[in-house]
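Have a look at the structure below, then the notes.
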Amino acid sequence: MTVSFELSDDLVGYGREIRDWSVEAVRPYARYADVHHAAPDHWRQIVETCPVAIGTHDRRQVKRQPAFAEGKWVRDLVVTESLTYGDHWISNVIGAGIGHLVVKLMGTPEQIDKWYRPIVDNGGQTAFGLTEPQFGSDTSMVETTATRDGDTWVLNGTKMYCTYGGQADYVVVFASTDKAAGPAAIRAFVVPKGTSGFHVAKFNEDKLGIRSWTTSELLFEDCAIPVENQLGWTGGDGDGPGPAPRTRSGRSGALGALAQNKPNISATGIAMAQASLDIATDLLQEQRQSFAPHRWSLVESDLENMNAALGRARLVNFRAQWLQDLQRANKTEASVAKAYGPPTCERVIRRCMQLLGPDGASTDLLLEKWYRDVKILDIFEGSGQVQRIIVGRAVFGGADRVA
Amino acid sequence: MFELDLSEEQIAVRDLSRDLATRVLAGAARDAETNRRVPDEVWRQVFETGLTAPASEDHGGGGIPDTLTHLVALEGLATGDPGIAIAAMWSGGSALLVGLCGTAAQQYAYLPRLASDRQGRGGVALYEGFGRAPSEYQTRIEHLGSGTWQVAGTKVAVPFAAEADPLVLVGTDPTTGELRAALIPPDAGGVAIGPRPEHGHLGLDAVPLHTVTFDLTIGPGQLLGGPGAAAGLLVGAVGRLRLSVAAAAIGCAARSVEYAAAYANERIAFGKPLAAFQGVSFLLADAAIQIEACRLDLWRAGVRVDAGPIGGLERAVSHAVNYAGSVAASVTRDAVQVLGGHGFMRDHPVERWYRAAAALSTIDFDPTYAAFAPAL
């Protein structure tokens, strides 16, 4: 096979169709979503107008996305960027979350049937409860506890910054089954919405950006769930309390689920940056006569260089997810993708605002909103610093001693 | 003589402004942004510093500081809130330009009132966007003959456009090619003030900013400094105003580093404070390195402003302003990064500084001073 970066015409056309729809149907509510910290009330009708099957988080009859020669994960990159090009509030109403991905990675066949399949087959939304007030990147610091009581696990603790946490069908909560046994005793538990002792302490945080995304703080107070809601539960010796076998440790499952989604995070940033760049390019073209010729030539080279930078960010995303589609190891490549794109996307949006002058940062345009939104992408689901640790391990052949 | 220490007076100004920033501005920042106006009580306290209406003692003020002192004061105040600090400085632009460049009659007509009105606002219509430096401004202030002057052009980011009394408009005299300024009263006809963005501004909501289009005629009494004004004075005063944006950006950036460093010292991950990880600490060390260079560049440009009209002043100002804008935007970004998810929440001020620094970096941006560079 010769190397080729050409996507199939089918996938390109599919992406373009979604992107055009996103501009027409989604973008008009971008400011609303930011101001009201919520999607527009009639978001269901908006989603209905999408010319391709995108489903919604709660639609029980999700139409299947068509398959393409490139594979599911590469397709999803194209879909993610295209959908969020209008504005990313749409993600919050159609996104499934990542809790069920942890189930798929760590669950027994029975658990996968019970918790994972219904989400992908019928729709639904799941959340991920790992971060706590005193830690983010260092997942060994889990303070939330899970204590055995007969046929139940009893959870106590606080989880922060859980995307969809306050509205998801269930949350996969990471808790220590034995503090003395260290991080290996951290297990994952499926906690369905409405479980007694599971409180939504704060439905949505007051944030710099992505305000329409639900970012919840969850409180677990003597929250009892059946023992079989522990992911990997077999009723055998490897079950908690205490350390799990390495392959079934809660942290590795958590981080595995995050790895799959990393390039999609970058793709969302590329959508914001490309949208900013395209809007700025159109406005600047209209203003061309107002620029001195020597300055205009620099504006043009800036625009070209920004497009080229976003193109490179797409390449590393595609590479990571192409490997994922082939079920080849891509841990390093996924980290490369997440470390590479988002900070450059921030810079592209900022530069576009600067080229437009003071009006570029006004709320009359969406660039200032996307500049606020984009910042989280280099922080959540593994910050740029954490990605560098992962890439560093590959560079140094695992010989480094970094945490 | 080569001397890099601030004077005793400048050190006192720096300390006082930082003290006011900590005591008053920091706590009022959110309020000023939400209400889109500096709270009256805070404005009164900033007024006492003289920043909102610098005027000589003869005119009832506390004296006009030299440019470097002015910039030091502004950097100090911006450590509390860059929005309130720049609002005060921009409002003071009217008194500053009248005091430095006006005729004696203009000074007596405006300054005693500006220096005593604790809630008065001034404002300068300066920037045009499109990367233009003052020598390229296309707003015309042109003699039509028989003592009548035509004023025409469009200005962006005009602070207090609707209430400034007077609003000072800076343009170019097409006959000489030199800078000129006009004093525009608030009720003047031929001044079209664009709407304020409905949902606020990315990071400069403490001050109303408007696009304003001017098309009016004025008499010689409204020409700043009169028909025979020396353009050199105005070039220097405009340079000072432009540098104030850089000073606000640097104050904001410096405070972000302090805040993020304190957080990184406290927050534990992987068994150590975040500050013990070079991936984190080097972000803030790089920030400190850039701020040092940036501040010295600003100071040098500020000193040159007061040295009188010398070649290259405008470019030196543009370098300082563009570098400070770029550094502050990147440093405040890294401060958010160090706080991680917490930095993204409005519970901490770093997100506000991230917004303010980016907004300041758009005000006087010129792409000729640095090309776009990707992060990696």
Side-chain angles (χ1 to χ4, degrees), chain A residues 31 34-35 131 134-138 140-141 160-161 205-210 287 290-292 294-295 298-299 301-303 305-306 309 312 339-340 342-344 346-348 350-351 353-364 368 371-372 375-376 378-380 383-385 388-389 403, chain B residues 127-132 136 138 156-157 195-204 209 211 267-272 274 277 279-280 283 325-326 329-330 333 336-337 339-347 350-352 354-355 358-359 361-368 371-376:
Chain A
R31 181 59 65 186
D34 185 56
V35 171
T131 294
Q134 80 288 357
F135 81 88
S137 297
D138 182 359
S140 71
M141 292 171 71
M160 288 180 86
Y161 307 154
E205 299 276 355
D206 190 7
K207 299 174 297 232
L208 169 61
I210 59 162
Q287 300 167 354
S290 298
F291 284 92
H294 73 289
R295 207 168 269 127
L298 292 166
V299 171
S301 66
D302 263 7
L303 295 175
N305 289 334
M306 288 190 274
R312 286 190 293 271
Y340 189 80
T344 287
E346 297 168 15
R347 288 189 179 212
V348 166
R350 188 165 81 220
R351 187 72 173 189
M353 291 193 297
Q354 292 172 328
L355 289 170
L356 291 169
D359 290 345
S362 136
T363 50
D364 292 341
E368 66 82 29
Y371 187 64
R372 290 184 285 108
K375 186 68 211 72
I376 196 63
D378 198 34
I379 295 173
F380 70 4
S383 71
Q385 284 66 36
R388 282 166 176 78
I389 290 173
Chain B
Y127 302 106
E128 297 191 354
F130 311 112
R132 289 178 200 156
E136 301 168 287
Q138 295 190 4
V156 296
R196 198 174 178 190
E198 185 186 352
H199 298 293
H201 192 278
L202 172 59
L204 293 177
L209 295 176
T211 295
R267 177 87 169 178
I268 304 290
F270 305 103
K272 295 185 284 192
L274 281 185
F277 293 89
V280 174
L283 288 177
S326 161
S330 127
R333 177 264 175 224
V336 173
Q337 188 72 22
L339 268 76
H342 293 269
F344 197 68
M345 304 299 151
R346 299 190 69 190
D347 307 337
V350 286
E351 65 85 23
R352 192 166 57 240
Y354 170 83
R355 292 185 284 113
S361 80
T362 68
I363 298 284
D364 198 3
F365 173 80
D366 179 348
T368 61
F372 167 76
L376 291 171

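We use all heavy atoms of the structure for the numbers below, so side chains are in, but hydrogens, waters and symmetry mates are not. Everything quoted here is computed from the prediction, not taken from an experiment. Residue numbers start from 1 in every chain, and the chains themselves are labelled A, B, ... in the order their sequence lines are given, proteins ahead of strands.
- In this structure, the portion of Arg388(A) lying under 4.5 Å from any heavy atom of chain B is its side chain and not its backbone.
- With a threshold of 4.5 angstrom between heavy atoms, Glu128(B) does not approach chain A through any atom at all.
- Ranked by heavy-atom pairs under 4.5 Å with chain B, the list Gln134(A), Lys375(A), Arg31(A) is led by Lys375(A).
- In terms of heavy-atom pairs under 4.5 angstrom with chain B, the leader among Leu298(A), Thr131(A), Thr344(A) is Thr344(A).
- Between atom NE2 of residue His342(B) and atom CE of residue Met160(A) there is a gap of 5.0 Å, rounded to the nearest 0.5 Å.
- Across all their heavy atoms, Gly271(B) and Asp138(A) have their closest contact at N-OD2, 4.0 Å.
- Judged by distance alone, the side chain of Arg295(A) and the main-chain N or O of Pro367(B) form no donor-acceptor pair under 3.5 Å.
- The line from CZ of Arg372(A) to CZ of Arg355(B) is 7.0 Å long, rounded to the nearest 0.5 Å.
- Note: Gly131(B) leads Ala157(B), Gly131(B), Ala358(B) in heavy-atom pairs under 4.5 Å with chain A.
- Rounding to the nearest 0.5 Å gives a distance of 8.0 Å between OG of Ser326(B) and CZ of Arg351(A).
- Of all the heavy atoms in Gln354(A) and Ser361(B), the pair that sits closest is NE2-OG, 2.8 Å.
- Heavy-atom minimum distance, Ser137(A) versus Phe270(B): O-CZ, 3.7 Å.
- Interface remark: Phe372(B) contributes backbone and side-chain atoms alike to the contact with chain A (heavy atom separation under 4.5 Å).
- In terms of non-hydrogen atom pairs under 4.5 Å with chain B, the most contact-rich of Leu355(A), Asp359(A), Val299(A), Leu356(A) is Leu355(A).
- Looking at heavy atoms from C-beta onward, Ile379(A) lies out of side-chain contact with Leu339(B) at the 4.5 angstrom threshold.
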Practice problem: Could you give me the CA-CA distance, side-chain angles and deciding distance for Gln385(A) and Phe277(B), then say whether side chain to side chain contact (heavy atoms under 4.5 Å, CB included) is met? | Solution: CA-CA 10 Å; Gln385(A) 284 66 36; Phe277(B) 293 89; over 6 Å; no

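- Looking only at heavy-atom pairs under 4.5 Å with chain B, the residue among Gly209(A), Gly360(A), Gly136(A) that has the most is Gly209(A).
- Judged by distance alone, the side chain of Gln337(B) and the main-chain N or O of Asp378(A) form a donor-acceptor pair under 3.5 Å.
- In this structure, Ser330(B) OG and Glu346(A) CD are separated by 10.0 Å, a value rounded to the nearest 0.5 Å.
- Between chain A and the options His199(B), Glu351(B), Arg352(B), the largest number of non-hydrogen pairs under 4.5 Å is found for His199(B).
- In this structure a side-chain-to-backbone donor-acceptor pair under 3.5 Å is missing from Asp206(A) to Arg346(B).
- Contact detail for His201(B) and Ser362(A): the closest heavy-atom pair is CD2-CA, 4.3 Å.
- Here Met345(B) contributes atom CE and Glu205(A) contributes atom CD; the two are 5.0 Å apart, rounded to the nearest 0.5 Å.
- The two residues Pro343(A) and Arg333(B) have their closest heavy-atom pair at CB-NH2, 3.8 Å.
- For the atom pair CD of Glu368(A) and OG1 of Thr362(B), the computed distance is 11.0 Å after rounding to the nearest 0.5 Å.
- Residue contact with chain B, scored on non-hydrogen atoms closer than 4.5 Å, involves the backbone and the side chain of Ile210(A) alike.
- With chain A as partner, the option from Gly203(B), Ala359(B), Gly129(B), Ala371(B) having the largest number of non-hydrogen pairs under 4.5 angstrom is Ala371(B).
- Formation of a donor-acceptor pair under 3.5 Å by the Arg132(B) side chain with backbone atoms of Ser290(A) is found in this model.
- Here the side chains of Met353(A) and Leu202(B) are in contact, with some heavy-atom distance below 4.5 Å.
- With chain B as the partner, the residue from Ala339(A), Gly357(A), Pro358(A) showing the most heavy-atom pairs under 4.5 Å is Pro358(A).
- Scanning all heavy atoms of the two residues, the minimum distance from Tyr371(A) to Ala329(B) falls at OH-O, 4.4 Å.
- Taking the six-membered ring where the residue is Trp, the centroids of Tyr161(A) and Phe344(B) are separated by 6.0 Å or more.
- Looking at Leu204(B), neither its backbone nor its side chain comes within 4.5 Å of chain A, counting heavy atoms on both sides.
- Heavy atoms closer than 4.5 Å to chain A are found in both the backbone and the side chain of Tyr354(B).
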